[in-house]
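To keep things clear, I will list the structure first and then write my remarks on it.
Letters A, B, ... mirror the listed sequences (proteins, then strands); counts begin at 1. Any value given below was found using the heavy atoms of this structure, including those in side chains, with hydrogens, waters and symmetry copies removed. Note that the structure is a prediction, hence the values are computed from the model and not measured.
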Amino acid sequence: MSQRPVNRDVNLDDLFAGATEIIGREALEKKIRAGERLVVKHGVDPTARDLHLGYAVNYQAMRRFQDAGHTVVLLIGDYTCRIGDPTGKDKTRPELTREQIEANIESMLTQVDRVLDVETLVIRRNSEWLDPMHLADFLRLGTRLSAARLWERDMFQRRLAAGEGVMVHEFLYPVLQGYDSYALQSDITINGSDQKFNELMGRQIQQLFGQDPQALMIMPMLPGTDGVEKMSQSLGNYIGLAEPPEEQYGKVMSIPDDLMPLFYSLATRLPQSDCDDIMAAVAEGRTGPMDAKMRLGRAIVEQYHSADAAQAAEQHFINVHRKKAVPDDVPEVELPAGELPLGLLSVLTTVGLTKSNGEGRRVVKQGGLKLDGEPLRDDRFEFTAPGEHLIQKGKRHFVRIRIG
RNA sequence: GGAGGGGUACCCAAGUGGCCAACGGGAGCAGACUGUAAAUCUGCCGCUUUCAGCUUCGCAGGUUCGAAUCCUGCCCCCUCCA
């Protein structure tokens, strides 16, 4: 693994771009200027998931550190994920097997490689040091940490006030996560603001052991496509890094207009000055909001796919949504002619357009179904002969069926 | 160990013997409108062979013509006190 030389003259404002807060900035700057190769930590759970633009806010920052020659560590919380972060939402998590964890890391890497340089990326697992840790060691660490400090956490206070409980493991979680920073000798951790408390604990533990406390680069949470909640997989309001170009583009087009500035500066690699110019042009009426949004969509698709893909996705969007034409990549399903006649409702369900016959009946009744471009309002319709048909549900769900 | 509160559909949450397939909100789906997959408005939103039938309100029994609602046992969750 070949590493770039450390760039001690890197522009710090560029390096820290986008961060809402840098804790311990001064000490960090000294290290950079002295030409030290920093250990840059970013922790993730090895759960199976689609990485999305919200995470990419961190990855882009990590990439800049890589480019400046520093060691970026992707810390896999394979030990702590067995315990469960106090999100207040998680039920007891199913325990992941070693194989699952490795498979998840693998899939994660194929997603982050769109942003990070995986050649120099260092992967560590916190089971490396937490597994061999003895309870006595942990308790000894506990003799030097104040419980009151842990209780301060606003989430705990809120939950207690709301009459909800706090579990012992949740209470201790920050200690384990903080220990990671010590084990890695982290110089800086890049994470979303939701991790601030845990990472501050890391600073404290590092100091207990005589280490320099890590700096914290706290990145803003990107809102989801609904414009209200933060982007997250469980809320389904996310734009995945590995999603197909048309999906990414379409989802970008669906964000509320007033989210555009945020997406421009957090989700694209455009310099902040360019983002400002674009939004100024919109404000002054020189550019339409739709054009600005389309440009945003292209920029994002281009970043995770290619310029060609961005063009194609835009064309697809114009065709399907503006001109209401049929896209050219409609999924096709083969149906055996032996089962003729085939009832429309059961076809809709087997083809995956509806979850039940009742839902299909509803869609047909409401005029949301088209067969070969023609509205079909008869839920008792049957396909009686072999052949090819285009089924459209609503505006954007298409399936081509081939009976025969 | 004691006292109290609670478990309802994908999520939140009403309902405390029939008018309950179950109020309301969110999510989702469809229609209208729109530059948009935004916002707004309208409709739908357990399953089925839909003028009807079937299965649902933590689990298992029971009372009753009839239960999400009452009784018994069990499981789980939360708060306070010890």
Side-chain angles (χ1 to χ4, degrees), chain A residues 84 86-92 156-168 170 223-229 231-240 243-263 281-282 285-298 300-301 313-325 327 341-371 375-382 391-399:
Chain A
T87 60
K89 286 180 194 156
D90 283 329
K91 315 264 187 291
T92 311
F156 291 157
Q157 294 303 325
R158 230 182 303 118
R159 278 167 60 177
L160 229 54
E164 296 163 23
V166 175
M167 296 288 111
V168 170
E170 298 180 301
T225 51
D226 56 6
V228 182
E229 301 287 343
M231 186 173 284
S232 90
Q233 183 162 10
S234 54
L235 293 172
N237 60 358
Y238 71 100
I239 302 176
E243 280 191 273
E246 313 85 65
E247 281 297 309
Q248 290 185 335
Y249 189 91
K251 285 183 178 181
V252 171
M253 292 305 285
S254 81
I255 65 170
D257 286 359
D258 56 358
L259 239 52
M260 277 200 276
L262 257 183
F263 269 69
V282 173
R286 281 183 284 123
T287 304
M290 188 186 67
D291 293 324
K293 203 185 273 181
M294 291 174 90
R295 180 163 174 198
L296 176 65
R298 281 200 307 275
I300 288 173
V301 174
E314 180 163 291
Q315 205 50 52
H316 175 273
F317 183 86
I318 291 171
N319 286 341
V320 176
H321 301 293
R322 199 99 51 90
K323 300 187 185 153
K324 306 209 188 298
L342 286 158
L344 176 66
L345 297 180
S346 70
V347 169
L348 289 178
T349 306
T350 53
V351 139
L353 281 173
T354 53
K355 281 200 284 291
S356 69
N357 288 358
E359 188 184 334
R361 193 170 286 120
R362 213 150 61 220
V363 171
V364 172
K365 225 181 285 174
Q366 295 179 136
L369 195 91
K370 282 185 184 165
L371 179 65
L376 182 61
R377 305 198 76 116
D378 175 17
D379 59 11
R380 295 207 150 135
F381 180 86
E382 286 184 334
I391 305 179
Q392 177 181 3
K393 182 194 132 206
K395 292 186 188 72
R396 34 188 288 264
H397 301 283
F398 295 88
V399 170

Query raised in the report: Reckon S356(A) has a side-chain N or O less than 4.0 Å from the OP1 or OP2 of C47(B)?
Result: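 Checking S356(A) against C47(B): at least one side-chain N or O falls below 4.0 Å of OP1 or OP2.
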Query raised in the report: Is N357(A) near enough to C47(B) that one of its side-chain N or O atoms lies under 4.0 angstrom from OP1 or OP2?
Result: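 Checking N357(A) against C47(B): no side-chain N or O falls below 4.0 Å of OP1 or OP2.
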Distances for protein N or O near nucleotides 25-30 of chain B N or O, under 3.5 Å:
residue : atom : partner : partner atom : Å
A30(B)  : O2'  : Q366(A) : O            : 3.4

Distance in Å, [X] [atom1] paired with [Y] [atom2], rounded so as to fall on 0.5 Å steps:
X       : Y       : atom1 : atom2 : result
L369(A) : H397(A) : CG    : NE2   : 12.0 Å
T349(A) : E359(A) : OG1   : CD    : 8.0 Å
R286(A) : D291(A) : CZ    : CG    : 13.0 Å

**Report entry** Lys/Arg N to Asp/Glu carboxylate O, K365(A) vs D379(A), below 4.0 Å
**Finding:**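 Not counted as a salt bridge, because no side-chain N and carboxylate O are separated by less than 4.0 Å.
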[M] and [N], which share atom name [atom1], separated by this distance in whole Å:
N      : M      : atom1 : value
C45(B) : G28(B) : C1'   : 8 Å
G6(B)  : U64(B) : P     : 28 Å
C76(B) : A60(B) : C1'   : 15 Å
A30(B) : C19(B) : C1'   : 30 Å
U8(B)  : C70(B) : P     : 16 Å
G46(B) : C20(B) : C1'   : 13 Å
A37(B) : C29(B) : P     : 13 Å
C33(B) : A27(B) : C1'   : 22 Å

Query raised in the report: Taking the six-membered ring of F398(A), is the NZ or CZ of K370(A) close enough (under 6.0 Å from the centre) and on axis enough (within 45°)?
Result: no
Query raised in the report: Using a cut-off of 4.0 Å on non-hydrogen atoms, how would the nucleic acid contact of E246(A) be classed: base, sugar-phosphate, or nothing?
Result: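 Base, at least one base heavy atom under 4.0 Å.
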Spacing of [X] atom [atom1] relative to [N] atom [atom2], expressed in whole Å:
X       : N      : atom1 : atom2 : value
D257(A) : G35(B) : CG    : C1'   : 9 Å
M260(A) : U36(B) : CE    : C1'   : 10 Å
F317(A) : A38(B) : CZ    : P     : 10 Å
N237(A) : A38(B) : CG    : P     : 13 Å
L344(A) : U49(B) : CG    : C1'   : 15 Å
N319(A) : U36(B) : CG    : C1'   : 15 Å
Q248(A) : U36(B) : CD    : P     : 22 Å
Q392(A) : G31(B) : CD    : P     : 8 Å

Query raised in the report: Considering only side-chain heavy atoms of R361(A), which listed nucleotide, U49(B), U36(B), A37(B), is closest?
Result: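 For R361(A), the side-chain atoms sit closest to U49(B).
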Query - Minimum-distance nucleotide (side-chain atoms of P256(A) versus U36(B), U50(B), A38(B)) - result: A38(B)
My understanding is that a pair needs two contacts under 3.5 Å, Watson-Crick or G-U wobble. By that rule, which nucleotide pairs with [N]?
N      : result
C54(B) : G46(B)
A13(B) : none
C33(B) : none
U79(B) : A3(B)
A39(B) : none

Query raised in the report: Is the shortest heavy-atom distance from the side chain of K251(A) to the side chain of I255(A) under 4.5 Å?
Result: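 The answer is no; the side chains never approach within 4.5 Å.
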Query raised in the report: Does any non-hydrogen side-chain atom of L296(A) lie less than 4.5 Å from one of M260(A)?
Result: yes
Requested in this report: Taking all non-hydrogen atoms of both residues into account, name the closest pair between F263(A) and M231(A) and its distance.
Outcome: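 For F263(A) and M231(A), the tightest heavy-atom pair comes out as CZ-CE, 4.0 Å.
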Report summary line: Result for 5'-nearest mapping on RNA chain B, choosing between T349(A) and D226(A), is D226(A)
Requested in this report: Among D378(A), L344(A), L376(A), find the residue that satisfies the side chain to side chain contact (heavy atoms under 4.5 Å, CB included) test when tested with V364(A).
Outcome: L344(A)
